[in-house]
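To start, the structure itself, in structure tokens.
Keep in mind that the numbers below use all heavy atoms, side chains included, and drop hydrogens, waters and symmetry copies.
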Amino acid sequence: MVGYACYAERFSPDGTLAGVAERLDHLRDLGVTYLHLMPLLRPREGDNDGGYAVADYRSVRPDLGTVDDLRDLATTLREHGISLVVDLVLNHVAREHAWAAAARAGDAAYRDYFHVFADRTLPDAFERTLPEVFPDFAPGSFTHDDELDGWVWTTFNSWQWDLNWANPSVLVEMADVVCFLANLGVEVLRLDAIAFLWKRLGTDCQNQPEVHALTQALRAVARIAAPAVQFKAEAIVGPRDLVPYLGTGAHTGRVSDLAYHNSLMVQVWSMLATGETRLARHALAALPPTPPAGTWITYLRCHDDIGWAIDDADAAAVGVTGPGHRHFLAEWYAGLHPGSWAEGLVFQHNPETGDRRTSGTAASLAGLGASRRDPEHAVARLLLAHAIVAGWGGVPVVWSGDELALPNDPDWAAEAGHEDDNRWTHRPRVTATDLAAAHDPGTDAERVRSGLVHLMGVRAGLPQLHAAAATTVLTDTDDGVLAVVRRDPSGSFVGLYNVTGRSCPFPLARLHELGLARPWEALGGHRLVTGPDGVLLLPPYAAWWVVDAPPGA
């Protein structure tokens, strides 16, 4: 599988769901078989967190079209071998949702759909251990609503009311919504903000055990009613908390089928900034294997900011500090560190904790921004990064515009409702001009697009990259090299990635030890040869996918 994610209105030529089908040729060139359309269910009017404040799960945003248009698009995509992915926001609804309106009108049954408190006693107790998600524009996790005459839990924004999943009625409602969307032809449901569902005093109210029990219940309904539907956990959490969303222990094979490999994304950018792999090797090698029934969504960028989720213990193990490295990465990708080629923007600086996240397109973060700080190496960095993501296993997803090397949108704040959220800088509209440039030989856009087309084409022919194959990270390579081994009945695969601007060594004998008798570099289509010392030299920013040579090669 190869994925693509976009906002329908920013990808479609006419801004509608129907228009998305007009760009199927572009998707098919990339090998796309999985299309994630960002929130398209009807949100509240005005500011709506990019569509994640849902006012009605059973209707589509009027500017995009109708539910029938969504069903027609799903049918068209399926005819072309593409699975439709749609967001299902589980943690909260918009203040304007019918359930919230009924609660404000005094309906006790619907009031219990939410966490409502008469005074600040319990909210204050919870706040002692709750992190702030949006400290700049939505501090705190509770909002007083005069019509409700109480404090309602609002993790993200004052107009996004957290649902009370301890109430069985909420589970029943959401199970019905799952079936409704499945009946439209949606094949993958992205379970948004799933880590936040269960609230427990004295904790950060994330990753609680009940989250996995609730997911298992929803998945059981889907398996009975619509067995082909897959669940994808949007759990952007620390590395140690990540694998349970794919099912461990009693939940193995019974919760989400897919989960975002946020740690891989963070480590890729960390390697590019530092030019060394010690931290990434340690952190990625320490992750437990995925269960047989689940796999990763891998990605270089997504619609969201990058939170620098560097684990303190991982950092300490390689001789750096977690806070220090997070500070460095935030500085580097904001273009503030000496020698940085990046042109990202700081998102949600929290002075109390020092936390700073990063916005920016892949191109701007890699050196192809408006100032083109390092065009010589930026394209190579981008293709290297995409190769790491695509060679990890699971389902690699390309964020819209990154395949065209689009820089940050300088006019991101011009649209109403976007002015306080600089994540819109990496959500540019894809125009006909952009697509034409991607076919104009010699342009950055053409080099990146053609590189990705080649990458995904080669990937399709390598059974070792099927999600069922196990992934191992070699921990004893040159500090400039990341080496990933995947084993499959068809043979071994070794991904060799040089994250530096210099040549780096890797011993040929090591490939033989890993089961590759006649090493063949699949991306370049050639045998690997060495000098008399038996050492391979990876060129700067090289990505090699090494397998056994095909017959006759």
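- Atom OG1 of T530 is separated from atom CG of L536 by 6.0 Å, given to the nearest 0.5 angstrom.
- Comment: R449 does not engage E446 in a salt bridge, judged by the lack of any side-chain N to carboxylate O separation of less than 4.0 angstrom.
- A tilted orientation is assigned to the rings of H261 and W296, their planes being inclined by 30° to 60°.
- The six-membered or imidazole ring of W341 lies near that of W332, with a centre-to-centre distance under 6.0 Å.
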(request) Under the side-chain contact (heavy atoms from CB on, under 4.5 Å) rule, what do M1 and S83 come out as? Steps first, then yes or no, please. (result) CA-CA 10 Å; M1 299 288 284; S83 298; 4.2 Å; yes
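- One finds the CH2 atom of W399 at 7.0 Å from the CZ atom of R427 (value rounded to the nearest 0.5 Å).
- Salt bridge D479/R281: present, at least one basic N to carboxylate O contact under 4.0 Å.
- You'll find the ring centres of W544 and F506 outside the 6.0 Å limit.
- Other residues, nucleotides and ligands place more than 12 heavy atoms under 6.0 Å from the NE2 atom of H526.
- Residues satisfying the side chain to side chain donor-acceptor pair (under 3.5 Å) criterion with D25, sequence neighbours excluded, are R28.
- Contacts classified as salt bridge (Lys or Arg N to Asp or Glu O under 4.0 Å) and involving residues 256-277 (residues at least two apart or in different chains) are given here: R219-D257, R223-D257, E276-R278.
- Tested against R326, the residues D312, D355, D311 include a single salt bridge (charged side-chain N to carboxylate O under 4.0 Å, His left out) partner, D312.
- To the nearest 0.5 Å, atoms OG1 (T477) and CG (L496) are separated by 9.0 Å.
- Note: F156 and Y52 fail the aromatic proximity criterion, with ring centroids not under 6.0 Å apart.
- T274 meets the side chain to side chain donor-acceptor pair (under 3.5 Å) test with no other residue; sequence neighbours excluded.
- With a 4.5 Å cut-off on side-chain heavy atoms, H36 and V397 do not count as touching.
- Annotation for E352: atom CD does not count as buried by contact number, only 12 or fewer foreign heavy atoms lying within 6.0 Å.
- A salt bridge links R190 with D87: the closest approach of a Lys/Arg side-chain nitrogen to an acidic carboxylate oxygen falls below 4.0 angstrom.
- Here the CG-OG1 distance, from D411 to T425, works out to 9.5 Å after rounding to the nearest 0.5 Å.
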(request) Kindly indicate, with the supporting measurements, whether the criterion salt bridge (charged side-chain N to carboxylate O under 4.0 Å, His left out) is fulfilled by R423 and D49. (result) CA-CA 11 Å; R423 291 175 297 178; D49 190 23; 3.5 Å; yes
(message) As a quick check of understanding, evaluate salt bridge (charged side-chain N to carboxylate O under 4.0 Å, His left out) for R23 and D29, giving each step before the final call.
(response) CA-CA 10 Å; R23 291 197 162 157; D29 282 348; over 6 Å; no
